[in-house]
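Here's the structure, in structure tokens; my notes come after.
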Amino acid sequence: METSPNSDLVSKGEVLTLIFELFPWLRQFEQASLNDYAKAAFSVGSDQSGCVARSQAMSLLRSRVAAVAQRQGYSAGAVTRFQTEIEVAPVLQCGPHLHLLIEPDAFYTHLFSLMGLRAHGRTSYISYACSTVKFVERGRKGPAWLHVDGDAVNVFGLSRSKMIPYSILGRNGCYRFHLQNVDRPGHDSEAISCLRDLLPLGEFQSAAEAIKAANLCLWKRYSDSQVDFLQLDDSDVADLVADHLSDGRSWLRASLIEDRAFAMRLIHCIDQLADTAWRGWLKNSTHFFWGCIEGRLFPLWLDGRVLRSKETDDVCVEFSPPSLVEALRTGRIVPNLLLMFIVTSILPGVRVLGGSRHTIYYPLMRWAFCEALRNNHRDTQLLNALSKDERPGVWGHRIISSPCEPFSLLNAVSRGGIATLLEQFGKMSIIDACGPFSSFTQDPLWAELAVAYSSRRVGRHSSQWAFR
């Protein structure tokens, strides 16, 4: 008998038991309000380790945050607040992919983040959204689709042939907001007409740039006016990696790129996970960077001192700071998720919030990174700092499960604004707010991990779980 794609593979109770085993501190929030949990997720202090590599990485992150904020038109005062926020209260929401803010996957996560920020009286919100994703993720879901009034809306008016092969970060055309109702073509509904008036006019070089520009408009219209929003994506991370490789003091430049032995050890540590009960959670799908041609991404492999593609695309980039910087600046390569977390979180000491899979693969990234560090006495200070990080990765995405379409919901509560929704959802318990837990219960990796836990092959004392 075939299993329905929406069938549970593991029960919610089994998942919760496993979560409380791997993250014992979460048990105290089992019946707590969402407000209490959000406050805890955003409760973190700045690094006090005195680690030189970490301080330098934070300095580069602060500078890049400032550059992005300035480019987005924020005032000098707001730019300074963003920089202070990432250093003094280093938390980065990394859950949603780069969607419009009114897409449910993004909206309810940003609502959760606002709860945490308001609990601490903060006025700056920094979020990373992965843009190395395709226009269509499955069915009519993904950055190229919205549902408004129950109808499917083609955001950019693209044909399937223009969506399927490409990632939204590609600068391979001109993008504007068409908002085509594919279920009921013809005149705009009132809701779509309203949305059209809110989104920016004109054309953008990439869909990612269009979405980020639109999100600023939507944030100003609907969100907390006291909280400034800065959205980073992979183009910004590419610039941050280039900043590291252009700085002679950067740990990343000296130890990952110029000392190829460390890079090979890190790759090997990740490969080793395939022979453990954690298999499938973290793999070397590409070595530190993706190749990119007109928005099509393909893996690159470290071969001696060069990155090579194995596909039909003949791409070869020398694994050296100058060559990598040039390839990053021209968009020929894009940092992969591992490298993204190294420069935004692992090195600078920033807590990252993420979804159901992030809760497992991010601790495994940290384990592999620390295992690779062990053989180098120069990195003892950094290894010690990493071992003292408190809750470096926290579940903070898809915590709110609601059938309500965000755009309709926002317009329905326009009089009370976002504050009404924050109050409404904030009082709920986590168990009630997260609903059926489908992102966990319908995931084969979580089902396999639950089996491994029941047979005592994984647990909080597993060696690979040392840096959670």
Just checking [X] against [Y], ring centres under 6.0 Å apart?
{"X": "Tyr175", "Y": "Phe204", "value": "no"}
{"X": "Tyr361", "Y": "Trp281", "value": "no"}
{"X": "Phe440", "Y": "Trp446", "value": "yes"}
{"X": "His287", "Y": "Phe319", "value": "no"}
{"X": "Trp145", "Y": "Phe156", "value": "no"}
{"X": "Phe369", "Y": "Phe341", "value": "no"}
{"X": "His110", "Y": "Phe107", "value": "no"}

Salt bridge check: are [X] and [Y] linked by an N-O gap of less than 4.0 Å?
{"X": "Arg71", "Y": "Asp236", "result": "yes"}
{"X": "Asp188", "Y": "Arg196", "result": "yes"}
{"X": "Asp233", "Y": "Lys212", "result": "yes"}
{"X": "Glu203", "Y": "Arg176", "result": "no"}
{"X": "Glu318", "Y": "Arg305", "result": "no"}
{"X": "Asp239", "Y": "Arg329", "result": "yes"}

Asp151 meets the side chain to side chain contact (heavy atoms under 4.5 Å, CB included) criterion, sequence neighbours left out, with Asn181, Asp183, Arg184
For Ile431, the side chain to side chain contact (heavy atoms under 4.5 Å, CB included) test, sequence neighbours excluded, returns Lys12, Leu16, Glu30, Gln31, Ser429
Strictly by modelled atom types, are Glu405 and Ser408 linked by a side-chain donor-acceptor pair under 3.5 Å?
yes
Any donor-acceptor pair under 3.5 Å from [X] side chain to [Y] backbone:
{"X": "Ser246", "Y": "Ala242", "value": "yes"}
{"X": "Arg351", "Y": "Pro392", "value": "no"}
{"X": "Arg54", "Y": "Leu347", "value": "yes"}

Hits for salt bridge (charged side-chain N to carboxylate O under 4.0 Å, His left out) against Lys427, two or more places apart or cross-chain, chain-then-number order -> Glu423
